[in-house]
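Here, residue 1 is the first one in the sequence, and each next residue gets the next number. Note that these values count all heavy atoms, side chains included, but never hydrogens, waters or copies made by symmetry.
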Amino acid sequence: MKIKEDLKALVEENLRDKASTIFLKRAADIIDAFGDDKDSIDLSVRKVGNLIAFFIDEALAEIVLRRLMERIDGSRDSEPEMIVMKRGFGNGQTSIMPGPYQ
């Protein structure tokens, strides 16, 4: 699937000078290990972000995770649906957030 190849290339591009080839291979394996549906790809990207945060740098992990999520969102055919979520402010305020969230 093209999106997985794009994600692996993006990880390598962002970590080329900061991570070993073993680490890059492990990140690519995580992406490959999950299915091709949206939820699986989202989960694999988050796991890669956690791996980067744990072994390299939390700030870098946030940057890479944001870029990966932007790439995933850019590959979807339709606009993400918007949902209204109650925030529990007690005053009836709501917030519109991109969805779907569970």
Side-chain angles (χ1 to χ4, degrees):
M1 180 175 202
K2 182 169 176 18
I3 184 69
K4 285 186 174 185
E5 298 305 317
D6 291 349
L7 294 175
K8 290 187 284 188
L10 191 61
V11 168
E12 184 175 344
E13 175 184 316
N14 283 277
L15 299 179
R16 185 177 297 129
D17 299 334
K18 298 168 185 67
S20 68
T21 55
I22 295 170
F23 186 91
L24 294 174
K25 172 85 169 87
R26 178 66 184 132
D29 289 346
I30 289 171
I31 292 170
D32 282 336
F34 286 83
D36 293 335
D37 61 287
K38 173 199 165 297
D39 292 334
S40 295
I41 291 173
D42 284 349
L43 183 58
S44 71
V45 164
R46 291 181 195 286
K47 286 183 93 54
V48 168
N50 288 339
L51 187 73
I52 296 167
F54 188 73
F55 288 106
I56 299 178
D57 181 22
E58 287 181 16
L60 179 62
E62 289 178 23
I63 292 167
V64 173
L65 181 59
R66 187 175 336 110
R67 289 178 181 164
L68 291 170
M69 295 304 286
E70 287 171 358
R71 175 61 189 95
I72 291 170
D73 291 340
S75 72
R76 297 193 176 126
D77 294 333
S78 61
E79 290 292 317
E81 69 180 68
M82 301 300 280
I83 58 173
V84 177
M85 298 180 68
K86 296 285 185 188
R87 286 294 198 184
F89 296 120
N91 59 4
Q93 287 182 329
T94 58
S95 175
I96 298 177
M97 299 183 65
Y101 289 101
Q102 297 178 357

Please round to the nearest 0.5 Å and tell me the distance separating atom OG of S44 and atom CD1 of I72.
6.5 Å
Which atom pairs, one a donor and one an acceptor, fall under 3.5 Å between side chains of residues 56-66 and the rest of the protein, sequence neighbours left out?
from	atom 1	to	atom 2	distance (Å)
D57	OD1	A59	N	3.4

Atom pair CD1 (I41) and CZ (R71), whose distance is rounded to the nearest 0.5 Å
9.5 Å
Under the 3.5 angstrom rule, does the side chain of K8 hit a backbone N or O of D32 as a donor-acceptor pair?
no
Non-hydrogen side-chain atoms of I31 and K47 separated by less than 4.5 Å:
no
Donor-acceptor list for residues 12-21 side chains, cut-off 3.5 Å, not counting sequence neighbours:
from	atom 1	to	atom 2	distance (Å)
N14	OD1	R67	NH1	2.2
N14	ND2	L10	O	2.7
S20	OG	I22	N	3.4
S20	OG	F23	N	3.1

Have a look at L68 and tell me which of D6, D73, D42, V45 forms a side chain to side chain contact (heavy atoms under 4.5 Å, CB included) with it.
V45
The side chain to side chain donor-acceptor pair (under 3.5 Å) partners of K25 (sequence neighbours excluded) come to D29
